[in-house]
Amino acid sequence: MKKRIPVDQAVGMVLPHDITEIIQDEFKGCAFKKGHILRLEDVEHLRRLGKEHIYALELSEEEIHENEAGRLLAAALAGEGVKYSDKISEGKASLKASCNGLLKIEKDALYRFNLLGEVMCSTLHSNTPVKKGEQVAATRLIPLVGERALVQEAVAIAESTESGDKIIRVLPLKKVKAGLVVTGREVYYGRIEDKFEAVLREKMTALGSEIIRVGFAPDDINRIAEEIRLCLDAGADLIITSGGMSVDPDDVTRNGIREAGAVDTVYGTPVLPGAMCLVGRIGKVPVIGLPACGMFHSITVFDLILPRILTGESIGREQFAAMGHGGLCRKCTSCRYPVCSFGK
């Protein structure tokens, strides 16, 4: 309810509009913003602005101000690896990553949250790699004053997702020791120079992990399996193979992966580049079989699945199938991944 009130009686009430201040040759701007909750120290300032009376909002018990709502909504939405400030700007609360990691969004719960109408939350896409301090979401009550019951309903939705997790999380990436097996006669016999190792070392280092062993094998199932086992013996907790993943009869890398003991193997993805990728595991050690596209394209399916694997997620047929929507790289002249549609 809007009321005309003497300034010395308006402490604790809410301004429904901005109040401008002008100091000749020095300043012209907003002295008090809409939504400001008046304090005792504001009274003399308002009088200097010629305000003996102001219009203020007086809230009932059933109503809630946008700033209080913003704090409640942010607290309910923010999960592991996400921070927010109690300082609300114009009703909006910003949520940021508190660590480097992978953003995870409970999309169904976010949809139900936004269906309420007078509250909102916008986020980056789920499975986006993010840096510490990067904004990942924002939330607010849309009107200046809303129904407290509706905000409480939004909070309940945010705190009761099917998974039991908060709607917005940033999962840290494990630091792993990877073993790389480069396959193919052309590399093994020195006919061409291997390009995979340098590319994969750079990608692993960027995510905080390292390659501890590099093995080379011709197109021979047993030799490939042997090199994988040597990587495991060296302490690798992630195995990556490169090359030999196509339908050519000489490309036997996936058979070598299985010979090394891999189970739960899934071959083929609806992602380009990267359709001929394979994932599996040997014991608890994830295995990724990369096709040759990883050498020619800066971003492939490998860049989409590696961060997810480093959070401990298992990638299988269901996860691959869901990647078809957004799984076509546009091959931009200047790559801006992950600020693009690929993998989203």
Side-chain angles (χ1 to χ4, degrees), residues 1-79 82-98 110 112-123 133-160 166-168:
M1 180 173 63
K2 188 184 294 187
K3 297 175 64 177
R4 185 174 182 267
I5 304 169
V7 290
D8 58 354
Q9 297 176 28
V11 174
M13 296 184 179
V14 181
L15 283 176
H17 56 81
D18 292 347
I19 294 180
T20 301
E21 182 172 13
I22 301 174
I23 302 176
Q24 187 175 3
D25 300 326
E26 291 185 25
F27 175 81
K28 178 182 178 181
C30 183
F32 297 96
K33 284 185 173 292
K34 178 190 78 170
H36 177 72
I37 299 174
L38 292 172
R39 304 163 298 173
L40 183 61
E41 57 264 37
D42 297 331
V43 172
E44 286 304 315
H45 192 172
L46 287 165
R47 283 176 170 157
R48 289 198 303 271
L49 298 178
K51 302 292 184 182
E52 291 296 335
H53 293 81
I54 63 167
Y55 287 95
L57 293 176
E58 187 173 20
L59 304 184
S60 69
E61 292 183 359
E62 291 76 31
E63 294 176 313
I64 188 169
H65 180 256
E66 61 178 358
N67 287 354
E68 181 187 355
R71 284 187 285 270
L72 292 174
L73 296 173
L77 290 161
V82 178
K83 62 182 180 179
Y84 64 94
S85 172
D86 281 338
K87 185 177 181 181
I88 307 299
S89 176
E90 297 182 342
K92 185 182 72 175
S94 177
L95 290 85
K96 298 182 179 181
S98 61
L110 179 63
R112 290 187 285 112
F113 181 99
N114 284 321
L115 268 181
L116 294 175
E118 288 198 352
V119 296
M120 61 77 68
C121 177
S122 58
T123 75
E134 182 177 353
Q135 184 175 4
V136 297
T139 185
R140 67 167 298 150
L141 177 70
I142 294 173
L144 175 64
V145 175
E147 296 178 8
R148 186 172 292 274
L150 183 136
V151 172
Q152 291 171 341
E153 185 178 355
V155 167
I157 290 172
E159 293 181 339
S160 59
K166 293 291 189 76
I167 288 180
I168 305 165

Enter the distance from Leu49:CG to Ile54:CD1 here, rounded to the nearest 0.5 Å.
11.0 Å
Measuring only between side-chain heavy atoms, which start at C-beta, is Gln135 closer than 4.5 Å to Leu95?
no
If you define the side chain from C-beta out and look only at heavy atoms, does anything of Leu38 sit under 4.5 Å from Leu46?
yes
Report yes if some heavy atom in the side chain of Ile157 is under 4.5 Å from a heavy atom in the side chain of Leu116; otherwise report no.
yes
Partners of His36 by ring pair (Phe, Tyr, Trp, His ring centres under 6.0 Å), sequence neighbours excluded?
Phe32
Just checking Lys92: does its NZ atom have more than 12 heavy atoms from other residues, nucleotides or ligands closer to it than 6.0 angstrom?
no
When you measure from the side chain of Glu63 to the backbone N and O of Ser60, does any donor-acceptor pair fall under 3.5 Å?
yes
Of all pairs that satisfy salt bridge (charged side-chain N to carboxylate O under 4.0 Å, His left out), the ones with a partner from residues 136-150, not counting sequence neighbours:
Glu66-Arg140, Glu68-Arg148
Determine yes or no for a side-chain-to-main-chain donor-acceptor pair under 3.5 angstrom, with Thr20 supplying the side chain and Cys30 the backbone.
no
Ile22 side, atom CD1; Lys28 side, atom NZ - distance, nearest 0.5 Å:
5.0 Å
Is it the case that the side chain of Lys166 and the backbone of Ala75 share a donor-acceptor pair, with hydrogens and angles ignored and the cut-off at 3.5 Å?
yes
Enter the distance from Asn114:CG to Thr139:OG1 here, rounded to the nearest 0.5 Å.
8.0 Å
Can you find a heavy atom in the side chain of Ile168 that is under 4.5 Å from one in the side chain of Cys121?
yes
Do the non-hydrogen side-chain atoms of Ile64 and Leu72 ever get within less than 4.5 Å of each other?
yes
